[in-house]
Q: 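Sharing a structure below in C-alpha cells format, with a few things to ask.
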Amino acid sequence: MIDARADLPGPSRPLTYVGIFAVALSSLMLEVLTTRITSVIAWYHLSFFVISLAMLGMTAGAVAVFLMPKVFADELVPRRLVQTSLALAAVGPLAIGMAMSIPLMPIDDLMGFFTLLTYGGALALPFGLAGVTLTLALTRAKLPASTAYGVDLLGGAAGCGLVIPLLDRLDAPSAALVASCVAALGALAFAAAQRPRGWGRTRNLLFAGGLATALLSLGLANAEAEPPPLRPAWVKGAPEDPDFFEYTGWNTYSRVTVEKTIEAPPGMWAGSRLMPPEAAAPTRQRIIRIDGAAATTLLEHGDELDHHAHVDWDITSFAHHLRPDGPAAVIGVGGGRDVIAAARAGHEQIVGVELNDLIVALHTERMADFSRLTQIPGVELVPAEARSHMEGETRRFSVITMSLIDTWASTGAGSYSLSENGLYTAEAWEVFVDRLEPGGIYTVSRWYHPNSPGETARMLALAMEVLWRRGVEDPRQHLVLLQNFNVATLLLSPDPFSDADLDAMQAAAVAKGFSMLATPRRSPSAHVELLRELWSVEDSAALWAWAKSQTLDLTPPTDDRPFFFNMLEPGTWLDDPESVDALDVSFLGNLQATQTLVWATLVSVLLTGLTVLGPLMARRRELLEVDWIDLLAATLYFGLIGLGFMFVEIGLLSRLNVFLGHPTVALAVLLGGIISFTGVGSMLSGKLKVDHGGRVAQLYPVVPFVVVLVAVLASGPLTQAFVGASLGARVAVGLVTVAVPALGMGLGFPMGLRLIQRRREIDGGPELGPWLWGINGAAGVCASGLALGCSMVWGVPVTLAVGALCYLVLLPCTWRLGR
C-alpha cells in the first residue's frame, strides 16, 4: 500500500529555523530571568540549586522524546513542534507565577528540602517543554544537524542580548511574560512552516498569534501596574508588601527597592557605644535593599553635613581621622554614608564609584531632591565597576574606602558570579593601593565573627600578600586592624605608619571605643588566636602554607580564584551542617552556599545517572540491536562534550568576569559571545565530511582541544596586558578570547550527531539522537557545579585545562564511531 503522505511537501526549512531560533531565545531569556527572580526570593546559592533543577527539565524533555517514539513519530513532528512551543508559551508564566508564590527558607530539615524541590519542579516545567521542542527540531525534523544546532545557539545568544534592555524597562516577572510571547512567536513560525495548507494550519496560526499578542499585552500591562499583579509574594522567607516601597527597579544583576521614608535612629554598620545622644537623634531616611537582603541607608539631604554627625562614629569611617584632607574615593556609594563621612572629614574632592546604575540614578535623578548627595561641593558620582575605573584613573587619593561591599545577588551570567568577586583579589587591591598618594590609606571593612573570624582573617591575609607583592619587607608596619561589634576595619598604607599616625590612631580609637586588634605596636591578643598566628607569619610562602592548613580556606584570593566569600574547605564540605554553621556568619551563609553547591552537584549527578539508566531499561530490547561498544562510545562522546563545554564556559566566565568588570557587559559579551560563536562553529561543521573511513571525523577533537588549550595559555597574559585599557578594548579582547575556543567547541554536537546517524544507516537500530541530546544536557548541568567547585579549589586554569582534556578524550569515541 502506498502512503499518500509521502508525496506531500515537507515543512518550510527557513520558517522551521525561525521557530528554533525563537524557542531557544525564549528559553535563554527564561533562564536568566528565573535566576534573577530566584536570587530575590531566596539566596544566590539556592538560586544555583533551583536553576540546576530547572535546567534538568531540558534533559527530561529530550528523554521523553526518546522514551515515547510513537507520540513523536516522524510524521507527527511538525505538529508536535507547534504544540510543545505553544505549551511552553502558556506554561512559562504559570510556572513562574506558581514559583513566586512559594516561600523559600534555608534548608535545615526535610520539609525545607521538599519545598525547594517543589519550587525547582515548578520552574522545570517550561524548560521540559523547551527540551521537547528543541530535541524534536534538532534530531527528528530532518534538518542538517550543523545548521539546526547553530540556529539554536544563535537564538540563545540573542536571548542574552535581548534580556538586558528588557530588564532596563520592565521588571523580571513582566519580562518573563514577554519571553513567553517569543515562544508563542516560535509556535507561529512552526505553524507557518507546515505543509499542506489547511484549516488546521490556519487554526494554529490564529491561536499562536493570539497567544503571542495576549502575552505581550499582559507583560506590558503588568509592568505599568502599581504594584504589578505578577510579582514575588515572598522574599527571603518573608511576605513582601509592595505598598511599603517608594521605588522598585530591576537589571541583570540586582533588584533594587527603596522603602518609604521613616524617621528613626540613623542606620550604622558598627556605631560606637560612646556616641553622644545628639549624634544618634532620629533622622529621616529610606532603606535601599538589593535582592531583598543587602541593605544600605539613604539619608535625607546628605548635603546638610552638620545633620549627619553619626557617620563620624562608625568604625568604617575611621581612616578619615588619620587622613582628613586630600582627594578621597569611595568604592560602592550605596546610600551615600561613606561619601558624607569623607565630606565631613574635610576632603574637598570625593569620587564615588558605584557599579549599580539604578543606585546612581537614585542620587542623580529619581530621588535627587531627597538625597542631595551630588550637591555636596566636590562630590562626583561615577556609574562604573570600581576596579576597571581605578585602572584608568589618573588622580591619586589620600583615602580610598570600601565598606562591606556585598550584594549576594546572582548575576544573569551565572548564579555564583557575584558582581563583587573581582573587588576582593590581590590583583584588585594592588590597583587600589597604586591609586593612593604617598602615605594614603586604603580601608576595607568586613564582617567579624569573634569565634570564627574567617572573613577578617582572609581580609588580613589578602592585605599582607599585596604588600609582599609590592616588595614590603614587614607588612605589619603598614597595617592597622580595628573592630567594633561584628565589623572589623582594616587600614592599609603603601608606606609605614609613622609614630604620629599611631598616636593619633590610638587616641581616636580610645575616644570612639573601638578595639585595636592589631597595629604596628600591638599583636592580636590570645583570645583571637587565629589572627595572632596570621600576624606572626614572616613571608608570603609561610602565609600560604599557614592559610592552607586552616579549617577554612584563608588563602589570599587571586584573579585565578576570585572567591573571597567561599571559604569552606573540601574536607568539610559534607560535614554536619551544625559544624559549618558554627564557622559562618549567620546572616551571610557563605559557607552554606558552598555546601549547597556540593549538594546541588550530587543531586545533579544522581539525576544524570537516572537519565542514563532509565531509558536504557525502558528500551533495553531495542538497544540490544546496537553494538554495546558503539553505544558506550556515543554515550561518552555526548557526555564529554557537555562536560567540556561547561568547564570551558565557566572557567572563561570566572576569569573574564573579573577582566570586564561590569556584570551586564559580561552577560552580553561573554555568555552571549560563547554561545553565538559556538553556533557559528556548529554551522561550519557542516563543511566537514563524515564519509566511511574519513579521518576528519575521527580526528576532529584535536581542533577544540588545541583552541581551548590556546585560550587557557593566552587568556591570562591577554587580560593582564589589557587590564587598564578602555572598555571597548577589553570587550574586543574578551570576544576574541571566547571566540577561538567556542568556534572549536561548536563542532562537537553536530559532528557527533552525524556520526551516530551514519552508524545507524550502516548497522540499523533505534534513533538515539533524542537520548544523546539528553545525555549532553544532563552532563552540562552536572558540569556547572563540578566546574565551579574545581575553580574554587584549584583555580580557573585547572578548570579550563579539564575542559580541554574532555575534548582530547573524545578521540577514542570518534575513532570508534567514525570507523
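Residues take their numbers from the sequence shown, with the count starting at 1.
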Q: Can you confirm whether the side chains of H389 and E393 place a donor and an acceptor under 3.5 Å from each other?
A: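 Yes, E393 and H389 have a side-chain donor paired with an acceptor closer than 3.5 Å.
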Q: For Y424, which residues count as a ring pair (Phe, Tyr, Trp, His ring centres under 6.0 Å) partner, sequence neighbours excluded?
A: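 With sequence neighbours excluded, Y424 shows a ring pair (Phe, Tyr, Trp, His ring centres under 6.0 Å) to F564, F565, given in chain and number order.
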Q: Is there a donor-acceptor contact under 3.5 Å from the side chain of T719 to the main chain of S715?
A: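 Checked: pair present.
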Q: Exactly one of L355, T425, I331, V353 should register a side chain to side chain contact (heavy atoms under 4.5 Å, CB included) with R387. Which one does?
A: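 So, applying the side chain to side chain contact (heavy atoms under 4.5 Å, CB included) to R387 and each of L355, T425, I331, V353, only T425 qualifies.
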Q: Do S388 and F659 make a side-chain contact, defined as non-hydrogen atoms from C-beta onward lying under 4.5 Å apart?
A: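 Sidechains of F659 and S388: no contact.
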Q: Using a 3.5 Å distance criterion without hydrogens, assess whether the side chain of T34 forms a donor-acceptor pair with backbone atoms of E31.
A: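 Answer holds: yes.
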Q: How many angstroms lie between CG in L218 and SG in C181, if you round to the nearest 0.5 Å?
A: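 L218 atom CG to C181 atom SG measures 10.0 Å (nearest 0.5 Å).
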Q: How about N776 and F645: do any of their side-chain heavy atoms sit closer than 4.5 Å?
A: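 No, too far: nothing below the 4.5 Å cut-off.
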Q: Nearest 0.5 Å please: distance from the CE atom of M29 over to the OG atom of S27.
A: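 The CE atom of M29 sits 10.5 Å away from the OG atom of S27.
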Q: In Å and rounded to the nearest 0.5 Å, what is the CD to CD distance from Q720 to E427?
A: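 It comes to 6.0 Å.
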Q: Rounded to the nearest 0.5 Å, how far apart are CD of E259 and CD1 of I288?
A: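 The distance works out to 10.0 Å.
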Q: Is any side-chain heavy atom of M745 closer than 4.5 Å to one of V707?
A: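 No; the side chains remain at least 4.5 Å from each other.
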Q: Taking all atoms of both residues into account, what is the closest heavy-atom pair of G335 and H363, and its distance?
A: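 Looking at all heavy atoms of both residues, the shortest contact is O-CE1, 3.3 Å.
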Q: Are side-chain heavy atoms of F244 and T257 found at a separation under 4.5 Å?
A: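 They are not in contact (no side-chain heavy atoms under 4.5 Å apart), so the answer is no.
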Q: Write down the atom of P232, the atom of I41, and the distance for their closest heavy-atom approach.
A: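 Scanning both residues completely, I find the closest heavy atoms to be CB-CG1, 4.0 Å.
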Q: Measuring from atom CG of L216 to atom OG of S180, what distance do you get when rounded to the nearest 0.5 angstrom?
A: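 Here the rounded value is 11.5 Å.
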Q: So, are D559 and R655 salt-bridged, with charged N and O less than 4.0 Å apart?
A: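 No, no charged N to carboxylate O under 4.0 Å.
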Q: Can you sort out the partners of N356 under side-chain hydrogen bond (donor to acceptor under 3.5 Å, both in side chains), two or more places apart, ordered by chain and number?
A: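 By the side-chain hydrogen bond (donor to acceptor under 3.5 Å, both in side chains) rule, N356 matches N251, S254.
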Q: Under 3.5 Å, is there a donor-acceptor pair linking the side chains of Y149 and S685?
A: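 The answer is no; no qualifying pair exists.
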Q: E649 and side chain to side chain contact (heavy atoms under 4.5 Å, CB included): which single residue from I674, T799, L670, T678 fits?
A: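 Single side chain to side chain contact (heavy atoms under 4.5 Å, CB included) partner of E649 among I674, T799, L670, T678: I674.
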Q: Run L298 and I287 through side chain to side chain contact (heavy atoms under 4.5 Å, CB included) and show every step you take.
A: CA-CA 6 Å; L298 177 65; I287 305 301; over 6 Å; no
Q: State whether the side chain of S784 and the backbone N or O of V781 hold a donor-acceptor pair below 3.5 Å, judged by distance alone.
A: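 Yes.
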Q: Do C160 and V32 pass the side chain to side chain contact (heavy atoms under 4.5 Å, CB included) test, and can you show the C-alpha distance, the side-chain angles, and the key distance before you say yes or no?
A: CA-CA 8 Å; C160 288; V32 173; 5.6 Å; no
Q: With rounding to the nearest 0.5 angstrom, report the CG to CG distance, L28 to D152.
A: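 The CG atom of D152 is 9.5 Å from CG of L28, to the nearest 0.5 Å.
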Q: Flag the pair D291 and K236 as a salt bridge only when some basic side-chain nitrogen lies within less than 4.0 angstrom of an acidic carboxylate oxygen.
A: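 No, this pair does not count.
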Q: With a 4.5 Å heavy-atom cut-off, do L162 and L25 have their side chains touching?
A: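 L162 vs L25: side chains touch.
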Q: Using only atom types and a distance under 3.5 Å, with no angle test, would you say the side chain of S371 pairs donor to acceptor with the backbone of M367?
A: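 No.
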Q: What pair of heavy atoms forms the shortest contact from A22 to V182, and how long is it?
A: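 The pair with the smallest heavy-atom distance is O-CG1, 3.4 Å.
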Q: Identify each donor-acceptor pair in which a side-chain atom of residues 121-135 lies under 3.5 Å from a protein atom, sequence neighbours left out, and give them as a table.
A:
{"from": "T133", "atom 1": "OG1", "to": "T84", "atom 2": "OG1", "distance (Å)": "2.8"}
{"from": "T133", "atom 1": "OG1", "to": "L129", "atom 2": "O", "distance (Å)": "3.0"}
{"from": "T135", "atom 1": "OG1", "to": "G131", "atom 2": "O", "distance (Å)": "2.6"}
{"from": "T135", "atom 1": "OG1", "to": "W773", "atom 2": "NE1", "distance (Å)": "2.9"}

Q: Do T364 side-chain atoms and V360 backbone N/O form a donor-acceptor pair below 3.5 Å?
A: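 Confirmed, T364 side chain pairs with V360 backbone.
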Q: If we only count heavy atoms from C-beta on, is the M683 to V151 side-chain gap below 4.5 Å?
A: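 Side-chain contact under 4.5 Å: yes.
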Q: Given side chains that start at C-beta, do those of L362 and Y247 come closer than 4.5 Å, heavy atoms only?
A: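 The answer is yes, as the side chains (C-beta and beyond) meet within the 4.5 Å cut-off.
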Q: Could you tell me whether D171 and R36 have a side-chain N and a carboxylate O separated by less than 4.0 Å?
A: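 Looking at D171 and R36, the cut-off is not met.
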Q: Test side chain to side chain contact (heavy atoms under 4.5 Å, CB included) on T16 and F190 and set out the steps.
A: CA-CA 5 Å; T16 303; F190 286 134; 3.9 Å; yes
Q: Please step through side chain to side chain contact (heavy atoms under 4.5 Å, CB included) for the pair V258 and F245, ending with a clear verdict.
A: CA-CA 6 Å; V258 182; F245 298 142; over 6 Å; no
Q: On a heavy-atom basis, which atom in W250 and which in P173 lie closest, and how many Å separate them?
A: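 Looks like CZ2-CD, 4.0 Å.
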Q: Return the minimal non-hydrogen interatomic distance between S676 and G673, and the atom names on each side.
A: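 Of all heavy-atom pairs spanning S676 and G673, the closest is OG-O, 3.1 Å.
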Q: What donor-acceptor contacts under 3.5 angstrom involve side-chain atoms of residues 85-96, with partners at least two apart or in another chain?
A:
{"from": "S85", "atom 1": "OG", "to": "L81", "atom 2": "O", "distance (Å)": "2.6"}
{"from": "S85", "atom 1": "OG", "to": "V82", "atom 2": "O", "distance (Å)": "3.1"}

Q: Counting only N and O atoms by type, is there a donor-acceptor contact under 3.5 Å from the side chain of R289 to the main-chain atoms of A294?
A: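 No; zero donor-acceptor contacts below 3.5 Å.
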Q: Indicate the atoms forming the closest heavy-atom contact of L358 with R366, along with that distance.
A: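 Shortest heavy-atom contact: O-NH1, 3.9 Å.
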Q: Please tell me if the side chains of R255 and I290 come closer than 4.5 Å, counting only heavy atoms from C-beta onward.
A: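 Side-chain contact under 4.5 Å: no.
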Q: Which pairs with one or both residues in residues 209-229 pass side-chain hydrogen bond (donor to acceptor under 3.5 Å, both in side chains), sequence neighbours excluded?
A: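 For residues 209-229, and leaving out neighbouring residues, the side-chain hydrogen bond (donor to acceptor under 3.5 Å, both in side chains) pairs sorted by first residue read S174-N222.
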Q: For E391, check salt bridge (Lys or Arg N to Asp or Glu O under 4.0 Å) against everything at least two apart and list the hits.
A: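 By the salt bridge (Lys or Arg N to Asp or Glu O under 4.0 Å) rule, E391 matches no residue at all.
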Q: Keeping E354 on the side-chain end and G334 on the backbone end, is there a donor-acceptor pair under 3.5 Å?
A: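 A pair under 3.5 Å: yes.
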Q: So, is the end of the R286 side chain (NZ or CZ) under 6.0 Å from the ring centre of F370 and within 45° of the ring's axis?
A: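 Yes, R286 and F370 form such a contact.
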Q: Could you verify whether a donor N or O on one side chain and an acceptor N or O on the other, from S682 and S146, lie under 3.5 Å apart?
A: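 Side-chain D/A pair, S682 to S146: absent.
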